[in-house]
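First comes the structure, then the notes that go with it.
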There are 2 protein chains.
Amino acid sequence: MAERKAATIGDVAREAGVSRQTVSNVVNSPSIVKESTRLKVQAAIEALGYSPNALARRLRTQRTSTIAVKLDPYSGGVSGVVLDRFVHALTESAAARGLRVLLYAARTLEEELRHLDELADAGEVDAIVLTGTSRGDRRAARLLERGVPFAAFGRPWGTDTAAHPWVDIDGAAGTRSATRHLLDRAGDRIAFLGWPEGSESGSDRERGWREAMGERTAPRLTAEDGVAEGQEAVKALLPNGIDGLVCVSDALAIGAHLAAVQAGRPELPIVGFDNTAAAEALGISSVEQLPERVAAGILEMLMGPEGNKVVAQEPKGLLVEPRLIIR
Amino acid sequence: MAERKAATIGDVAREAGVSRQTVSNVVNSPSIVKESTRLKVQAAIEALGYSPNALARRLRTQRTSTIAVKLDPYSGGVSGVVLDRFVHALTESAAARGLRVLLYAARTLEEELRHLDELADAGEVDAIVLTGTSRGDRRAARLLERGVPFAAFGRPWGTDTAAHPWVDIDGAAGTRSATRHLLDRAGDRIAFLGWPEGSESGSDRERGWREAMGERTAPRLTAEDGVAEGQEAVKALLPNGIDGLVCVSDALAIGAHLAAVQAGRPELPIVGFDNTAAAEALGISSVEQLPERVAAGILEMLMGPEGNKVVAQEPKGLLVEPRLIIR
DNA sequence: GCCTATCGTATGATCGTTCCAATAAAAATT
DNA sequence: AATTTTTATTGGAACGATCATACGATAGGC
């Protein structure tokens with residue numbers, strides 16, 4: 001039967017014949033309460049169906065047990081799924097640590113900065129999780145300046161790597177292992193299809209390919225992210241006779257795959273990046289980021305290895321090695 | 001410069017030489033305050049960088065301005081993106097209405113029920129948004145019983161359609177228009193590839209095909225959701241010589257497309273459902289759900305057409321007509 | 001000039017919890 | 001047995017806002 005009004009800690013105290021504080025102790029640190037008292041109080045809690053009011057508790061403790069994360073507007077492309085997986089994982093890991101995840105949406109940087117300010121000013125969250133850091137990230141700078149605890153999925157590109165806590169995928173390691181795998185299996189001429197100049201993670205991934213190639217040479221081309229763009233770019237390349245192709249994204253890999261099929265080379269080994277459902281459906285190999293491990297890492301940055309509340313951590317970074325999925 | 005401690009309403013009152021209540025009025029209902037006083041108070045607010053504390057306000061008003069929504073575990077398939085898009089859209093629309101969105105994760109029904117109880121007991125949210133309703137949904141029943149305001153993305157299948165507020169995609173309308181389109185364009189024998197018995201939305205979508213077909217006949221087959229499954233199912237069918245194919249999901253449509261290509265009929269018109277990135281990448285037509293409209297509808301159910309707080313609404317449903325994307 | 005409305009502002013209580021300091025009771029030490 | 005230490009519990013204050021009500025000032029009606 002639903003009660004008209006929820007029982008408060010005072011009701012329980014009266015029912016059990018103890019003080020409010022004792023009830024509070026039974027709930028929050030049972031070990032310091034004498035067993036007989038504890039049982040009495042627990043019975044009262046059961047009887048009244050008492051459950052502590054989260055709002056009152058938060059006001060008193062000045063802790064919300066909530067972290068905020070931005071949900072990017074749906075991009076509509078093949079990629080973008082990685083961030084969703086990350087948010088999924090973050091929510092699960094956070095729940096296991098007694099934290100809730102609050103979403104905020106923003107279409108522009110200005111809007112996002114405004115949201116961050118609001119969340120911090122109103123004391124709505126204990127910490128913030130940033131995603132997709134860029135060179136000279138203004139959000140990170142703002143949060144640092146205001147002293148809001150945060151950690152980022154993404155490196156502080158270009159600045160001190162210990163500017164703030166962060167976890168990132170080691171893109172170079174991913175393309176390196178992809179390239180090595182193709183070198184082993186297909187031949188020496190392993191080409192690379194990247195994004196145009198200007199993307200930090202793009203050049204990180206390209207670096208992995210270069211490092212694995214060493215002295216060998218093979219074409220390196222670029223295209224804006226997208227299936228059609230990848231197809232177009234590779235169409236021109238194929239006559240060159242390459243042995244394999246490493247792509248900076250699944251969208252480009254899919255385009256490359258379609259071009260290869262059209263050119264009568266369906267067996268050309270191609271590796272994408274992100275291991276999206278589309279690549280899986282087409283049987284294209286891909287480098288899989290591990291957003292679950294990133295999420296766990298982020299929480300560890302914020303709360304320490306064990307704790308269940310946000311505490312100040314010294315800034316440090318963690319690189320997660322991605323996994324090559326061969327199809 | 002970051003202050004050591006945030007200013008409170010009392011600080012502002014003292015600075016402006018008025019009472020706390022007057023400051024509160026300036027913030028919440030400026031119109032009832034005399035202009036001269038208002039300016040004075042606003043100046044003080046500026047000077048101190050005051051921002052109302054959300055926790056205190058929530059405790060006092062007993063309103064959290066927060067709604068909860070479940071984030072499903074990453075399924076890994078082609079589909080599943082629709083729900084992500086919905087959550088995106090919900091977050092944006094909610095922000096526009098002054099609401100925050102809190103996530104919860106659950107792997108099982110029991111776990112979800114527990115989370116719902118916790119959220120309600122602790123008074124953490126003003127309302128809950130359910131997704132993926134089923135026949136005799138226990139979550140809906142529980143929330144109704146406890147008097148927690150909620151609305152669902154999904155119909156109350158099988159029971160009274162006004163059991164609770166809901167918004168859903170009109171799946172039958174989607175497949176109906178897809179089927180009609182193929183009938184116009186390709187011929188009379190438009191087959192249907194559905195899921196095995198037992199899915200409510202699956203049979204809803206099949207109904208749309210049946211209605212559009214009328215007296216005409218064409219094969220109807222089923223497969224578990226998945227690219228490989230779809231490919232397998234269609235491989236056996238093609239000899240029958242069909243003119244087109246409507247599928248209950250993009251995953252099946254992609255499988256069907258691959259089978260058609262292999263069988264030398266790449267031009268076979270196929271329509272999927274959900275308009276996922278994978279379908280787009282392969283140039284497969286699809287029925288697009290409109291999660292943005294569902295999100296807006298859900299909020300209207302909870303808050304009325306205009307309001308910015310959750311109010312009791314009479315239970316009613318809304319069917320959103322999906323859109324056929326032709327490629 | 002008096003009485004009543006209206007408006008703007010102030011005061012104290014309250015939301016439900018935890019913190020803090022104090023106290024009573026029990027146990028350990030001398 | 002007196003004293004100190006430890007343990008268990010208590011009562012009041014505080015977190016920071018809004019609610020309900022009361023009050024003074026100004027304006028309006030006759």
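Chain identifiers are assigned alphabetically (A, B, ...) following the order of the sequence lines, protein sequences preceding nucleic acid strands; residue numbering begins at 1 within each chain.
Distance, B:Ile32 CD1 to C:dA10 P: 12 Å, rounded to whole Å. Put simply, CD1 on A:Ile9 is 13 Å from C1' on D:dT10, counting in whole angstrom units. Rounded to an integer number of Å, the gap from B:Asn53 CG to D:dA14 C1' is 13 Å. Regarding A:Arg20, its CZ atom lies at a distance of 14 Å from the C1' atom of D:dC15, rounded to whole Å. Across the protein-nucleic acid pair, B:Arg38 atom CZ and C:dT9 atom C1' stand 15 Å apart, rounded to whole Å.
With C:dT9, C:dG16, D:dT10 as the choices, the nucleotide that has an atom nearest any side-chain atom of A:Leu59 turns out to be C:dG16. In the set C:dG16, C:dT9, D:dA17, the nucleotide with an atom closest to the side chain of B:Lys34 is C:dT9. Across C:dT17, D:dT10, C:dG12, the shortest atom-to-atom separation from the side chain of A:Pro52 is found for C:dT17. The listed nucleotides are D:dA17, C:dG16, D:dT9; the one nearest the side chain of A:Ala56 is C:dG16. Which of D:dG16, D:dG12, D:dT18 sits closest to the side chain of A:Gln62 comes down to D:dG16. Which of D:dA13, C:dA10, D:dT10 sits closest to the side chain of B:Ser19 comes down to C:dA10.
In this structure, B:Val310 and B:Arg63 have side chains that are not in contact, with every pair of non-hydrogen atoms separated by 4.5 Å or more.
Within the structure, every side-chain polar atom (N or O) of B:Gln21 is placed at least 4.0 Å from both OP1 and OP2 of D:dT21. Checking the phosphate oxygens (OP1, OP2) of C:dT18, a side-chain nitrogen or oxygen of A:Ser24 falls inside 4.0 Å. Between B:Asn25 and C:dG8 there is no side-chain polar atom (N or O) within less than 4.0 angstrom of OP1 or OP2.
One cannot find a donor-acceptor pair under 3.5 Å joining the base of D:dT18 and the side-chain atoms of B:Arg57. Counting atom types as modelled, B:Arg60 pairs a side-chain N or O with a base atom of D:dT18 as donor and acceptor under 3.5 Å.
In this structure, A:Lys309 places its NZ atom where only 12 or fewer heavy-atom neighbours from other residues, nucleotides or ligands lie under 6.0 Å away.
With respect to A:Asp117, the salt bridge (charged side-chain N to carboxylate O under 4.0 Å, His left out) criterion is satisfied by exactly one of A:Arg139, A:Arg138, A:Arg146: A:Arg146.
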